[in-house]
Number of protein chains: 2
Amino acid sequence: MVDQSPVDGTYRADGTAPLSKTRSTLTDQIWQQLRNDVLSGRQSPGKRLRLDALKEEYGVGFSTLREALWRLSAEGLVVSNSRKGFQVSPVLRDELIDMTRLRILLEQMALDEAIQNGNDEWEARLLSTFHRLSKYKQTDGQPWDHWHKTFHNDLVWPCRSPVLQQLRNQLHDHSRRYRHAVRNDPNRDDLGEHRALLDACLERNAQKAKALMAQHLQLTTDLVLASFDR
Amino acid sequence: MVDQSPVDGTYRADGTAPLSKTRSTLTDQIWQQLRNDVLSGRQSPGKRLRLDALKEEYGVGFSTLREALWRLSAEGLVVSNSRKGFQVSPVLRDELIDMTRLRILLEQMALDEAIQNGNDEWEARLLSTFHRLSKYKQTDGQPWDHWHKTFHNDLVWPCRSPVLQQLRNQLHDHSRRYRHAVRNDPNRDDLGEHRALLDACLERNAQKAKALMAQHLQLTTDLVLASFDR
DNA sequence: AGGTCTTGTTTTTTCGAAAAAAACTCGCCA
DNA sequence: TGGCGAGTTTTTTTCGAAAAAACAAGACCT
């Protein structure tokens, strides 16, 4: 169970890795790129991933690609068809429903514990991240995605269960693939929903926060499902 | 999120893959072998995995090994230290505690739904698997591990949530690494605990089953923790 | 002694070539 | 028409060599 978010949590618009003492390996970089492309929908669900084509596209050798692909396949973002190459995991209506149900449960669990343990630093963090999130619209793509994920992570920041955090992240990332499949509803008040969550946390009102979280996740899912059925 | 149990669920004492139309790839086989060795403790926690040594030990080339290792690293069974090779993930007291808490919750959730949906086929399956499990002792290693996992999977077989099943399996496998770290307590009644779970399910007594499950998992954990502190 | 520079050794990372499979083409036949 | 099979092309899988990085052992300096 490796933490699957960028190592240091910093966000860079161009996707470059931050400089550090030890340069990261190529496999790592390509993994990150591919992962991002899959999550953002640039590599669309179900698409066959031919090694030759990827070699061109990402400018690296076979082994590097295959290492990255196996990694993604263990995460479930890519499926490997024995001896018939790789393919971006398809999106399935039922999986989305199933996943959302689990997500709601896990997020609520984490939220409960977060609100129990929350302190000043938490509040500061939340406000700061919310402020940053408010600068972007969902249609802004990458930057919005980044701060959105960060905000949701910050919401449950005081929850001291790495395993739970890990599972949350796993499901969050998977959901992103679905979210990107649809154009966003223009008369939905995204920011408002997040502000409501923020407020409930500042009030330490666990019941309210959990209810809002369920609504928030369910609403997104319903919109995606609606577009599925068209 | 790929299902991480052997593809077809059959068990073979010698660990050979079942014959099928399309032979599986070498990477797949090595992944499975390495995975098993890590879970069974044959490759002990924290151990540095040198490529050269593995090349000898498993008789395959670099790429094959690295693909398998990356896969395991995505599952969290191995950690990759950028440019400093791989190592079996160490076991951590806190992680075990954390994981157990989550496991209890997920298992209970699944159990609830299973008991709701359970039917005749379920009962037959459970009895059959329990019978097979009863033929082995925990010290028998692989075969016991196999039927033990199968039994726990069968307990929640009617739960129709692939995502939940997936997460359960993930945590179950991880726990196995901890379980194997200790000699089993001789005056613990393993089989009895499992029979009690079986009975509660046949009675469709969800409350009882959930309580037993919590006890079952917690007891194992406590034994492991005790040996940690020595 | 403690630090650090140099140099040689080990280990990991990355690449492209060769082997092995799979997919495709096209002619043949029923 | 539709299925079968030989031969060809494409694509994947596997390997070992070469490059790059990490590590270890002394030599030297303060």
Side-chain angles (χ1 to χ4, degrees), chain A residues 2 7 15-35 37-38 43-44 46-75 77-90, chain B residues 2 7 16-35 37-38 43-44 46-74 77-90:
Chain A
V2 70
V7 189
T16 56
L19 279 77
S20 75
K21 203 73 57 68
T22 61
R23 210 156 38 80
S24 78
T25 67
L26 242 192
T27 296
D28 252 309
Q29 293 170 245
I30 296 302
W31 167 66
Q32 209 142 316
Q33 265 185 261
L34 252 169
R35 183 168 208 277
D37 288 348
V38 167
Q43 299 282 10
S44 44
K47 183 182 170 199
R48 186 91 195 277
L49 296 168
R50 287 214 180 65
L51 273 297
D52 265 325
L54 295 182
K55 201 159 171 263
E56 274 299 305
E57 193 172 350
Y58 294 88
V60 294
F62 286 121
S63 349
T64 307
L65 279 170
R66 286 176 58 85
E67 286 173 24
L69 286 169
W70 275 118
R71 220 167 147 184
L72 290 173
S73 107
E75 293 179 58
L77 297 175
V78 156
V79 332
S80 89
N81 310 305
S82 189
R83 280 172 208 286
K84 301 199 299 206
F86 298 85
Q87 137 195 46
V88 180
S89 299
Chain B
V2 69
V7 188
T16 56
L19 279 77
S20 75
K21 203 73 58 65
T22 60
R23 209 155 40 78
S24 79
T25 67
L26 201 44
T27 296
D28 253 308
Q29 292 169 245
I30 296 303
W31 167 67
Q32 208 141 318
Q33 265 185 260
L34 252 169
R35 183 169 209 277
D37 288 347
V38 167
Q43 299 283 11
S44 45
K47 183 181 170 198
R48 184 91 195 277
L49 296 168
R50 287 214 181 64
L51 272 297
D52 265 325
L54 295 182
K55 201 159 171 264
E56 273 300 304
E57 192 172 351
Y58 295 88
V60 294
F62 286 121
S63 348
T64 307
L65 278 170
R66 286 176 59 86
E67 286 173 24
L69 286 170
W70 275 118
R71 217 166 149 185
L72 290 172
S73 108
L77 297 176
V78 156
V79 332
S80 90
N81 310 306
S82 189
R83 282 175 206 284
K84 301 199 300 203
F86 297 85
Q87 132 194 53
V88 180
S89 298

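Computation of the quantities below employed the complete heavy-atom set of this structure, encompassing side-chain atoms and omitting hydrogens, waters and symmetry-equivalent molecules. We name chains A, B, ... by the order of the sequence lines, and we start the count at 1 in each one.
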Atom pair distance, as rounded to whole Å: [atom1] in [X] and [atom2] in [N]:
X       : N      : atom1 : atom2 : value
B/Glu56 : D/dG16 : CD    : C1'   : 14 Å
A/Asp52 : D/dT10 : CG    : P     : 10 Å
B/Gln87 : D/dA22 : CD    : C1'   : 16 Å
A/Leu26 : D/dA21 : CG    : P     : 11 Å
B/Glu67 : D/dC15 : CD    : C1'   : 11 Å
A/Leu65 : C/dT13 : CG    : P     : 16 Å
B/Trp31 : D/dT13 : CH2   : P     : 15 Å
B/Asn81 : C/dT12 : CG    : P     : 10 Å

**Message:** What I want to find out is whether A/Arg35 reaches A/Glu75 closely enough, with some N-O distance under 4.0 Å, to be called a salt bridge.
**Reply:**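 A/Glu75 and A/Arg35: salt-bridged.
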
**Prompt:** Are A/Arg71 and A/Asp28 ion-paired here, with the side-chain N under 4.0 Å from a carboxylate O?
**Reply:**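 Judged by the 4.0 Å cut-off on N to carboxylate O distance, A/Arg71 and A/Asp28 do form a salt bridge.
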
Does [X] reach the side chain of [Y], with side-chain heavy atoms less than 4.5 Å apart?
X       : Y       : value
A/Arg50 : A/Glu56 : no
B/Val79 : B/Phe86 : no
B/Gln87 : B/Val78 : no

Let's see if you can work this out: which of [options] has an atom nearest to the side-chain heavy atoms of [X]?
X       : options                : value
B/Phe62 : D/dT13, D/dA21, C/dT14 : C/dT14
B/Ser63 : D/dC15, D/dT13, D/dT11 : D/dC15
A/Lys55 : C/dG16, C/dT12, D/dC15 : C/dG16
A/Arg48 : C/dA20, D/dA20, D/dT12 : D/dT12
B/Leu51 : D/dC15, C/dT13, C/dA20 : C/dT13
A/Arg83 : C/dT11, C/dA21, C/dT14 : C/dA21
B/Lys84 : D/dC23, C/dA22, D/dA21 : D/dC23

**Asked** Taking only side-chain nitrogens and oxygens of B/Arg50, does any of them come within less than 4.0 Å of OP1 or OP2 of C/dT10?
**Response**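 It does not, given that no N or O in the side chain of B/Arg50 lies less than 4.0 Å from OP1 or OP2 of C/dT10.
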
**Asked** Hey, does the side chain of B/Thr64 come within less than 4.0 Å of D/dC15's phosphate (OP1/OP2), counting only N and O?
**Response**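 Yes, within the criterion.
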
**Message:** Using a heavy-atom cut-off of 4.0 Å across all strands, would you classify B/Thr25 as base, sugar-phosphate, or nothing?
**Reply:**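 Answer is sugar-phosphate: B/Thr25 comes under 4.0 Å of backbone atoms only.
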
